[in-house]
Amino acid sequence: MIVRHTGTSPENGSANEEGVREVATQYLSARGYHVLAAESGAQALEIAGAQNGPIHVLVTDALMPGMSGPTLAKRLLGQRPDTKVLYISGYAEDASLLEDARERGESFLQKPFGLDALAEKLRVLLNK
């Protein structure tokens, strides 16, 4: 899922579960975010590459088919170094995968989470 705020703070994200992506897209859109949904890391990079404006936050699952969240983040940050990253995951074993990301100050949201928690986490990231 790629998310851009329609106000002054666009964001970018990728989630690999279609239902979660659709619900989160609708929820965040209703709260003023412009959401660009991607089914994969490769598609997220393609969509992000087509965006003219800034992308403030990448929201990505830690583990996805074809490309891990940290790999997606590294590639996107190579093109857009000011983008913040929010990883989501429901697996304890992802902790080692995300250790380097946390050291860089990237954020994490543990699944399952409520949509209000996601919106609050995005708000905090945007205000940093």
Residue pair His56 / Thr83, side-chain heavy-atom distance below 4.5 Å:
no

Minimal non-hydrogen separation, Ser29 against Val35, with atom names:
OG-CG2, 3.7 Å

Please list, chain by chain and in numerical order, all residues satisfying side-chain hydrogen bond (donor to acceptor under 3.5 Å, both in side chains) with Asn127, sequence neighbours excluded.
none

Looking only at heavy atoms, the pair that brings Thr60 and Gly69 closest together is OG1-CA, 3.6 Å

Could you check whether any side-chain N or O of Arg80 sits under 3.5 Å from a backbone N or O of Gly49, counting only pairs where one atom can act as donor and the other as acceptor?
no

Testing the basics here: between Lys121 and Ser107, what is the closest heavy-atom pair and its distance to 0.1 Å?
CE-CB, 4.1 Å

Thr71 meets the side-chain hydrogen bond (donor to acceptor under 3.5 Å, both in side chains) criterion, sequence neighbours left out, with Ser68

Determine yes or no for a side-chain-to-main-chain donor-acceptor pair under 3.5 angstrom, with Gln43 supplying the side chain and Glu39 the backbone.
yes

Decide yes or no on side chain to side chain contact (heavy atoms under 4.5 Å, CB included) for Leu118 and Leu86, but give the supporting numbers first.
CA-CA 10 Å; Leu118 174 60; Leu86 173 60; 3.9 Å; yes

Compare every heavy atom of Leu45 with every heavy atom of Met67, then report the nearest pair and how far apart it is.
CE-CD1, 4.0 Å

Group every Ile, Leu, Val, Met, Phe, Trp and Tyr by side-chain heavy-atom contacts under 4.5 Å, then state whether Leu115 and Val124 land in the same group.
no

Would you indicate whether the side-chain heavy atoms of Leu126 and Tyr33 approach each other to under 4.5 Å?
yes

Kindly give the heavy-atom pair with the smallest separation between Leu72 and Gly41, and that separation in Å.
CD1-O, 3.6 Å

Nearest heavy-atom approach of Asp61 to Met64 is CB-CG, 3.7 Å

Given the rule in the side chain to side chain contact (heavy atoms under 4.5 Å, CB included) test, do Tyr87 and Leu109 qualify, once you have shown the distances and angles that lead to the verdict?
CA-CA 6 Å; Tyr87 293 100; Leu109 186 60; over 6 Å; no

Got a donor-acceptor contact below 3.5 angstrom from the Gln110 side chain to the Ser89 backbone?
yes

